[in-house]
Amino acid sequence: MDTTLLESQSFWPHLSDAQKQLVRERAHAAHFSAGEAVKTGNCSCIGPLFVVQGILRVYLLSADGREATIYRLRAGETCVLSASCVLSAMTFDVQIDAETDCDLLIIPAATFAQLVDENLYVENFVYRSSTERLSDLIQAVERMFFLTLRQRVAAFLIDESASSGNTTLSLTQEQLARAIGSAREAVSRILKQLSKSGSIEVSRGGIRILDKGMLYEELSEADV
């Protein structure tokens, strides 16, 4: 198993030889197909996830089945919220799905908890990473409460374009609706409006941004 991604993490140089060997022995590779659940509420602590390839979607799921995406993870990124048992102050649970075919490296929760207990640098890595992701959560909640649906769609398209480095986004209207916690019909209506304005072009295979400046203008009247 190639552990290059693990060895590129900030805590790795500060591990002892025994701790490095422990990680190499117990970490494992996992593949998930597009649409497959990586973590559900029934499996609260699987250990940190390191994305080798693909895109993961991390989201909250309400009791009535509504979803609100917190963030996406791409190649080279890490999710520690999947190791909730290591975070004593964690009082909420997240769901994680493979949005595309994904290859991951996973350090088992028990092994990672041992590293956190033994090594200050690993502990710092956990809390720094979780703090960054909690900021994403707060931003997602702010958008839900303070932005109109049209502004949420515009913000999502801007963020996705920045993350992917591409103005053509390969996603369905259903995926977009799940990502911002809305109904597909409502999102479809907004996309038609934005398409009519000339800021985007909608096709069966995805969405192409024609004028990012116009999308930013949609956000100019936002409260946040």
Side-chain angles (χ1 to χ4, degrees), residues 32-41 51 54-75 77 79 81 92-102 132-224:
F32 293 88
S33 300
E36 189 175 354
V38 176
K39 177 185 178 299
T40 67
V51 184
I55 301 175
L56 294 178
R57 184 171 74 98
V58 182
Y59 62 99
L60 298 176
L61 181 65
S62 69
D64 60 0
R66 289 183 296 171
E67 300 176 4
T69 298
I70 307 173
Y71 56 84
R72 283 175 170 74
L73 294 168
R74 290 174 168 80
E77 296 185 316
C79 180
L81 297 186
F92 68 92
D93 203 8
V94 297
Q95 316 284 322
I96 304 175
D97 287 352
E99 193 159 84
T100 66
D101 289 351
C102 291
E132 291 171 354
R133 294 311 180 183
L134 287 174
S135 296
D136 292 330
L137 171 61
I138 293 171
Q139 185 180 64
V141 172
E142 285 179 335
R143 287 182 175 180
M144 187 74 70
F145 279 97
F146 301 120
L147 297 186
T148 65
L149 178 58
R150 184 164 172 142
Q151 289 170 330
R152 283 157 55 197
V153 170
F156 174 84
L157 296 177
I158 291 170
D159 289 348
E160 283 298 293
S161 177
S163 297
S164 64
N166 202 324
T167 56
T168 299
L169 308 177
S170 299
L171 78 163
T172 66
Q173 294 183 24
E174 181 66 31
Q175 288 175 320
L176 198 162
R178 287 201 308 269
I180 64 173
S182 183
R184 188 192 63 79
E185 294 77 10
V187 167
S188 178
R189 183 172 64 251
I190 296 299
L191 290 176
K192 288 179 181 178
Q193 294 172 3
L194 294 175
S195 180
K196 188 175 181 180
S197 73
S199 59
I200 66 170
E201 180 181 69
V202 181
S203 65
R204 191 169 185 178
I207 300 168
R208 184 161 68 98
I209 298 176
L210 302 177
D211 192 329
K212 191 173 289 187
M214 293 180 68
L215 293 180
Y216 276 111
E217 288 177 6
E218 297 286 347
L219 303 177
S220 62
E221 297 180 0
D223 294 328
V224 295

Are any side-chain N or O atoms of Asp101 and backbone N or O atoms of Ala34, one a donor and one an acceptor, separated by less than 3.5 Å? yes
With side chain to side chain contact (heavy atoms under 4.5 Å, CB included) as the test, would you mind laying out the steps for Cys79 and Leu56 before giving the verdict? CA-CA 9 Å; Cys79 180; Leu56 294 178; 5.6 Å; no
Does any non-hydrogen side-chain atom of Cys102 lie less than 4.5 Å from one of Thr100? yes
Atom pair OG1/CD1 of Thr167 and Ile200 - distance to nearest 0.5 Å: 12.0 Å
For Ser33 versus Ala98, what's the shortest heavy-atom pair and its separation? O-CB, 3.4 Å
Do you know which two heavy atoms are closest between Ile96 and Tyr59, and how far apart they sit? N-CE2, 4.3 Å
Carboxylate-amine/guanidinium proximity below 4.0 Å for Arg150 and Glu217: no
So, do Ile207 and Glu160 sit near enough that their side-chain heavy atoms are less than 4.5 Å apart? no
To the closest 0.5 Å, what do you measure between CE (Met214) and CG (Leu194)? 8.5 Å
Which pair of heavy atoms, one from Leu149 and one from Ser182, lies closest together, and at what distance? CD1-OG, 3.6 Å
Interatomic distance, OG@Ser220 vs CD@Glu218, rounded to 0.5 Å, equals 8.0 Å
To the nearest 0.5 Å, what is the distance between CZ on Phe32 and NZ on Lys39? 12.0 Å
I need the Glu99 CD to Arg178 CZ distance, nearest 0.5 Å. 7.5 Å
Contact between Leu157 and Val153 at the side-chain level, heavy atoms closer than 4.5 Å - yes or no? yes
Are the side chains of Leu169 and Leu176 in touch, meaning some heavy atoms are under 4.5 Å apart? no
Determine the minimum heavy-atom distance between Ser170 and Gln175, stating which atoms define it. O-OE1, 4.3 Å
Looking at Asn166, is its backbone amide N or carbonyl O close enough to the side chain of Ser161 to form a donor-acceptor pair, meaning the two atoms are under 3.5 Å apart? yes
Is the shortest heavy-atom distance from the side chain of Phe156 to the side chain of Leu171 under 4.5 Å? yes
Would you find a donor on one side and an acceptor on the other, under 3.5 Å apart, between the side chain of Ser163 and the backbone of Asp159? yes
So, taking the atom named CD in Glu36 and the one named CG in Asp97, what distance separates them when rounded to the nearest 0.5 Å? 9.5 Å
So do the side chains of Ile158 and Leu219 get within less than 4.5 Å of each other, counting heavy atoms only? yes
Using the side chain to side chain contact (heavy atoms under 4.5 Å, CB included) rule, take Leu73 and Ile55 through it: C-alpha gap first, then chi angles, then the decisive distance, then the call. CA-CA 6 Å; Leu73 294 168; Ile55 301 175; over 6 Å; no
